[in-house]
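Input: a single structure, listed below in structure tokens.
Heavy atoms only: backbone and side chains are in, while hydrogens, waters and symmetry mates are out.
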Amino acid sequence: GVRLAPMSSHWRLLAFVPLLAMCHLGRAAEPAPRPVHVTGWVAFNYDFQNSLATFYNHADRFAEISPFWFYPLPDGSVTAYEPDPPTNPNAKSLEQVEPLVKAVCRAHGIKLLPCLGGPPEKYKDADKTIIRSPALRAAHIKALVALAVEHGYDGLDMDYESFKPEDRPAISAFMTGLGAALHAQGKMLTMAVHAKTAEPGDWDGPQAQDWKVLGAAVDRLRIMAYDFKEDSSEAGPIAPLDWYKAIIAFAVTQVAPAKIQIGIPVYGYDWEKPGAAEEVTAREAPDLAHRKGASLVHDAEQAAIHFTYTEDGVTHQVWYEDPAALRTKMDLARLAGLDGIAVWRFAEESPEFWSAVDRK
């Protein structure tokens, strides 16, 4: 839809043992595995309690965090999301959570890169209006740099999605200009991009994104490697392993591997019928299966869990990310030399997620 402390691409080396000992062991010392940094997105504006608990309790695992805090207005300015919905007691405003998040970041050396997301319905397509206008792009870049500087953020994360292929040059120009402006202030820039396994991509969203140009403009490119199957499709895995491997294989031909963060979903879908599904989190899904008396099926080939249940005479299919498969995906990221994983979204993960991360 994932948001690194010291984002170094250097390998950590094992301490060398004395030469005689090395000869005795019969093999040279080897470099330790490259660390896989953990970053991703959180949504305090509608899930404060779970989001803050996840962030606080596992802060020692985070390298970056990107709260969904801001969105663009049609004139190029920026504003903060309101609690969603306004009556939700578990939703908090930027003013309420920013000091808490900053305190955790300072204590654990976490980079804070708030996310600029899509505008709400009231300002629908404001991001499209801005990107398509050179004057508004310039105004927006100015507003974004001022936001990062005035709030003391480490940088910004951009998540403007679902453009048209003809917007590709404008998106490239905008991100190149924004990257230069933020870097001039000592700030970082990351960007969420649609998944693809070849150029130009198989639908409008990825076709609008030139990974080579964008990868040169940003510090980290976050590939949203999920929704292979989604709520408007037939049932199936949302991030199958073969697709995931193909995304990585293509990405490293376009962008320096150390600049890539590969997306990790911690959710799935409950299909009532093809094209009609509701999201279910990895945290909720096992309980749903238990309540419905369904058996979990672990599909190692697809890196997914699925189960079926019947309600009111309708058979449901549920697919979600297998937490155990996270280890496999982290190994793929490591072997490819990627910077890390970007999770959509924290507070939806199962406890097993953190067991897998701890082991790395």
Side-chain angles (χ1 to χ4, degrees), residues 1-5 7 36-59 61-72 78 80-81 83-84 90-94 97-98 100-102 104-105 108 110-120 127 144 147-148 151 153-162 188-195 205 218-227 230 238-239 260-268 279 281-283 321 326 329 333 339-350 353-354 357:
V2 139
R3 332 74 297 265
L4 286 179
M7 303 246 256
V36 175
H37 294 120
V38 177
T39 186
W41 298 272
V42 289
F44 297 111
N45 65 310
Y46 59 86
D47 189 13
F48 168 74
Q49 185 173 347
N50 291 322
S51 295
L52 187 65
T54 290
F55 182 45
Y56 182 82
N57 292 335
H58 304 284
R61 303 296 171 192
F62 284 89
E64 294 172 359
I65 193 70
S66 288
F68 258 80
W69 276 349
F70 301 102
Y71 65 90
V78 176
Y81 287 107
D84 182 24
N90 192 30
K92 302 295 180 183
S93 67
L94 171 68
V97 302
E98 186 182 56
L100 301 174
V101 174
K102 282 185 171 180
V104 177
C105 287
H108 294 274
I110 300 168
K111 298 290 187 184
L112 177 56
L113 304 164
C115 183
L116 273 291
D127 51 345
L144 290 169
L147 175 72
H151 285 253
Y153 300 141
D154 295 294
L156 296 174
D157 175 64
M158 303 302 297
D159 183 27
Y160 294 172
E161 301 182 17
S162 302
M188 295 176 58
L189 176 61
T190 63
M191 181 186 186
V193 294
H194 299 289
V218 305
D219 296 280
R220 299 292 184 270
L221 205 66
R222 297 173 169 177
I223 304 172
M224 298 182 288
Y226 31 81
D227 275 4
E230 36 81 37
I238 61 173
I260 298 170
Q261 294 170 346
I262 189 72
I264 295 284
V266 286
Y267 69 92
E279 187 174 317
T281 71
R283 184 175 292 188
E321 190 77 351
L326 173 62
K329 290 187 172 181
D339 179 77
I341 60 172
V343 178
W344 176 259
R345 70 177 174 81
F346 289 114
E348 294 187 347
E349 78 284 351
S350 67
F353 174 92
W354 294 108
V357 170

For the residue pair [X] and [Y], categorise the inter-ring angle as parallel (less than 30°), tilted (30 to 60°) or perpendicular (more than 60°).
X      : Y     : value
Tyr153 : Trp69 : tilted
Phe62  : Phe55 : perpendicular
His151 : Phe70 : perpendicular

Taking the side chain as C-beta and beyond, is there a heavy-atom pair between [X] and [Y] under 4.5 Å?
X      : Y      : value
Ile264 : Val343 : yes
Leu326 : Ile341 : yes
Leu100 : Phe48  : yes
Leu144 : Met158 : yes
Ser162 : His194 : yes
Asn90  : Asp47  : yes
Trp344 : Pro265 : no

Stepwise side-chain contact (heavy atoms from CB on, under 4.5 Å) check, His58 with Val357: CA-CA 10 Å; His58 304 284; Val357 170; over 6 Å; no
Atom of Met224, atom of Ala192 and distance for their closest heavy-atom approach: SD-CB, 4.1 Å
Over 12 non-hydrogen atoms of neighbours within 6.0 angstrom of CD in Glu279: yes
With Glu230 via side chain to side chain donor-acceptor pair (under 3.5 Å) - residues at least two apart: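 Checked Glu230 against side chain to side chain donor-acceptor pair (under 3.5 Å); matches are Ser232.
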Criterion side-chain contact (heavy atoms from CB on, under 4.5 Å) on Lys329 and Ile262, from CA distance to verdict: CA-CA 9 Å; Lys329 290 187 172 181; Ile262 189 72; over 6 Å; no
